[in-house]
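See structure below.
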Amino acid sequence: MSFSFKQSGLATCMNVTNSGFHKRLISTICSRSSFSPCLNLQNPERRNLSVSKPLHISSIEKINEKKLVFECKAFEADKSQPIEVEVKSEAAKRLKIGIYFATWWALNVVFNIYNKKVLNAYPYPWLTSTLSLACGSLMMLISWATRIAETPKTDFEFWKTLFPVAVAHTIGHVAATVSMSKVAVSFTHIIKSGEPAFSVLVSRFLLGETFPPSVYLSLVPIIGGCALAAVTELNFNMTGFMGAMISNFAFVLRNIFSKKGMKGKSVSGMNYYACLSLLSLLILTPFAVAVEGPQMWAAGWQKALSEIGPQFIWWVAAQSIFYHLYNQVSYMSLDEISPLTFSVGNTMKRISVIVSSIIIFHTPVQPINALGAAIAILGTFLYSQAKA
């Protein structure tokens, strides 16, 4: 049996006083499995019946023998338990985002380790950045060709919207790689933990968004902690410091433009980043050739192979593959959350990167330097609470 209501609900009650209709109703219930009658309720304002969605009758109970009043309990076919389904859906979404974040952070740690190993032996950040984008682009082209991943449906307007995102991504990627070629991984990520401050400032002055005072106050320990860590850094280098700062600004712009570009698009987060990698590769390649050049690359490659051995090739391949994978997962996360939440997750990720890099590379850390990093991370936590 089926009715149809315009509005969803767990139960619907109807008082039927017409004995003739009651007889026809009982007769129909006994003889047919479904019906869709047109009811004329006495109160026209409460007339909510339509044919938009099927409404299943679960029980009919006699309430009053004398007045022949019946209570009809019903539920929509597609929303028989909306409260429970909504709760489960929210829990599943949180679990999904949690898995994305954990995978994103783990892949990022592996990338940073191999990326630093490559840059220590082969200090050519422009080529290293280009290889990372080229590897990811090749992986996605193969996935599309073999139909492992669905080929995105794009048009000229899509690529036009993607272009500023690709420019910001290219600048941020190269700037971060240049920074890590000059300073310790931990120092680069301590400076990059100030990304929420850039996110708030960019959102405020470029997008006109306003935030409560608690959000602005939470930026004080972030900025102060980063400054303290930078001043007390043993291997401080201005090029490395500026590279991390430029990367912060560029990646905040990338995240904001990406979120806007992904709205209303049928392209998934995974394919969106794949298209971003392809466009960024086209933008970066000529600049990499102009800044470093094939002759420097060839000489440096031979030197690295002679010093490290064949495993150097694996280092290059690993840093390129894991760079694409961690960014791909991060964009799958960005598909589900806001740019500011993304920035917070990106900052919390740096804790694992900083700790793991200090352990693996035996980076010397002064107590005051560690205090600055801790203050910056605490500021990030306070920022996330203020935003919530």
Side-chain angles (χ1 to χ4, degrees), residues 104-136 168-195 198 226 229-230 232-252 254 280 284 287-288 291-292 296-297 300-301 304 307-308 312 314-327 330 346-347 349-365 369 372-373 376-377:
W104 169 26
W105 297 347
L107 292 172
N108 187 259
V109 168
V110 177
F111 158 71
N112 277 277
I113 291 171
Y114 280 108
N115 189 46
K116 185 58 177 177
K117 285 185 175 183
V118 170
L119 291 171
N120 285 342
Y122 189 72
Y124 298 99
W126 288 79
L127 176 60
T128 304
S129 302
T130 305
L131 291 176
S132 301
L133 295 173
C135 180
H169 178 70
T170 304
I171 295 172
H173 178 37
V174 174
T177 309
V178 169
S179 176
M180 281 193 282
S181 69
K182 300 295 183 181
V183 296
V185 175
S186 57
F187 177 68
T188 298
H189 282 273
I190 289 172
I191 301 304
K192 285 175 68 64
S193 65
E195 188 172 317
F198 285 83
C226 290
T232 58
E233 176 63 29
L234 295 176
N235 64 343
F236 179 85
N237 178 280
M238 183 55 71
T239 302
F241 175 77
M242 291 305 300
M245 295 290 284
I246 294 171
S247 179
N248 274 342
F249 182 73
F251 279 148
V252 166
R254 181 199 67 175
S280 293
L284 178 58
F287 288 96
V291 173
E292 293 174 347
M296 295 177 63
W297 295 340
W301 187 268
E307 293 179 353
I308 306 299
F312 172 73
W314 160 246
W315 291 358
V316 175
Q319 72 92 25
S320 300
I321 293 171
F322 282 104
Y323 174 80
H324 175 77
L325 291 178
Y326 102 75
N327 273 287
S330 73
N346 203 26
T347 303
K349 167 204 71 180
R350 302 195 192 286
I351 299 176
S352 57
V353 175
I354 291 170
V355 173
S356 61
S357 65
I358 290 174
I359 295 173
I360 292 174
F361 295 108
H362 305 288
T363 306
V365 179
N369 186 256
I377 298 300

For Phe312 and Trp301: C-alpha separation, side-chain torsions, deciding distance, then whether side chain to side chain contact (heavy atoms under 4.5 Å, CB included) applies.
CA-CA 9 Å; Phe312 172 73; Trp301 187 268; 3.6 Å; yes
Which pair of heavy atoms, one from Leu119 and one from Ser181, lies closest together, and at what distance?
CD1-N, 3.8 Å
Side chain proximity check, Lys182 to Pro123, heavy atoms < 4.5 angstrom
no
For the backbone of Gly172 and the side chain of Ser247, can you confirm whether one donor and one acceptor N or O come within less than 3.5 Å of each other?
yes
Partner set under side chain to side chain contact (heavy atoms under 4.5 Å, CB included) for Ser186, not counting sequence neighbours:
Ala184, Ile354, Ser357, Ile358, Thr363
Which heavy atom of Ala288 sits nearest a heavy atom of Trp297, and at what distance?
O-CZ2, 3.4 Å
Applying side chain to side chain contact (heavy atoms under 4.5 Å, CB included) to Ser132 and His324, what does each step give before you reach the verdict?
CA-CA 7 Å; Ser132 301; His324 175 77; over 6 Å; no
Has the side chain of Glu195 got a donor or acceptor atom that lies under 3.5 Å from a matching backbone atom of Asn248?
no
What one should report as the nearest heavy-atom pair of Ala230 and Phe187 is CA-CE1, 3.5 Å
Looking at side-chain heavy atoms only, is the closest gap between Leu133 and His169 below 4.5 Å?
yes
Minimum heavy-atom distance between Cys226 and Ile191, given as atom pair plus value
O-CD1, 3.9 Å
Just by distance, do the side chain of Thr128 and the backbone of Tyr124 share a donor-acceptor pair under 3.5 Å?
yes
Set of residues satisfying ring-ring contact (aromatic ring centres under 6.0 Å, His included) with respect to Phe287, sequence neighbours excluded:
none
If you draw a 6.0 Å radius around CZ in Phe236, do more than 12 non-hydrogen atoms from other residues or ligands fall strictly inside?
yes
Qualifying residue for side-chain contact (heavy atoms from CB on, under 4.5 Å) with Val109, from Val355, Val353, Ile360:
Val353
Could you check if a side-chain atom of Trp315 sits within less than 4.5 angstrom of a side-chain atom of Tyr122, using non-hydrogen atoms only?
no
Would a 4.5 Å heavy-atom cut-off, applied to side chains only, mark Phe241 and Glu233 as touching?
no
If you round to the nearest 0.5 Å, how far is CH2 of Trp105 from OH of Tyr326?
14.0 Å
If I take atom CD1 from residue Ile377 and atom CD1 from residue Ile351, how far apart are they, to the nearest 0.5 angstrom?
4.5 Å
Would a distance-only check, ignoring hydrogens and angles, find a side-chain to backbone donor-acceptor pair under 3.5 Å from Asn115 to Phe111?
no
Those residues at least two apart in sequence (or on a different chain) that pass side chain to side chain contact (heavy atoms under 4.5 Å, CB included) with Ala229 are Ile190, Asn369
Which atom of Gly240 lies closest to which atom of Val183, heavy atoms considered:
CA-CG1, 4.1 Å
Distance only, no hydrogens: is a donor on one side chain within 3.5 Å (strictly under) of an acceptor on the other, for Ser129 and Thr177?
yes
Would you please name every residue forming a ring-ring contact (aromatic ring centres under 6.0 Å, His included) with Phe322, sequence neighbours left out?
none
With sequence neighbours excluded, residues passing side chain to side chain contact (heavy atoms under 4.5 Å, CB included) with Leu131:
Leu127, Val316, Ser320
What residues, two or more places apart in sequence or in another chain, satisfy side-chain hydrogen bond (donor to acceptor under 3.5 Å, both in side chains) together with Asn112?
Asn108, His189
Is the distance between the ring centroids of His173 and Tyr323 under 6.0 Å?
yes
Let's go through Lys192 and Phe251 carefully: what are the C-alpha distance in whole Å and the side-chain angles of both, what is the deciding distance for side chain to side chain contact (heavy atoms under 4.5 Å, CB included) to 0.1 Å, and is it a yes or a no?
CA-CA 10 Å; Lys192 285 175 68 64; Phe251 279 148; 3.6 Å; yes
Report yes if the side chains of Leu284 and Trp126 come closer than 4.5 Å at any heavy-atom pair, otherwise no.
yes
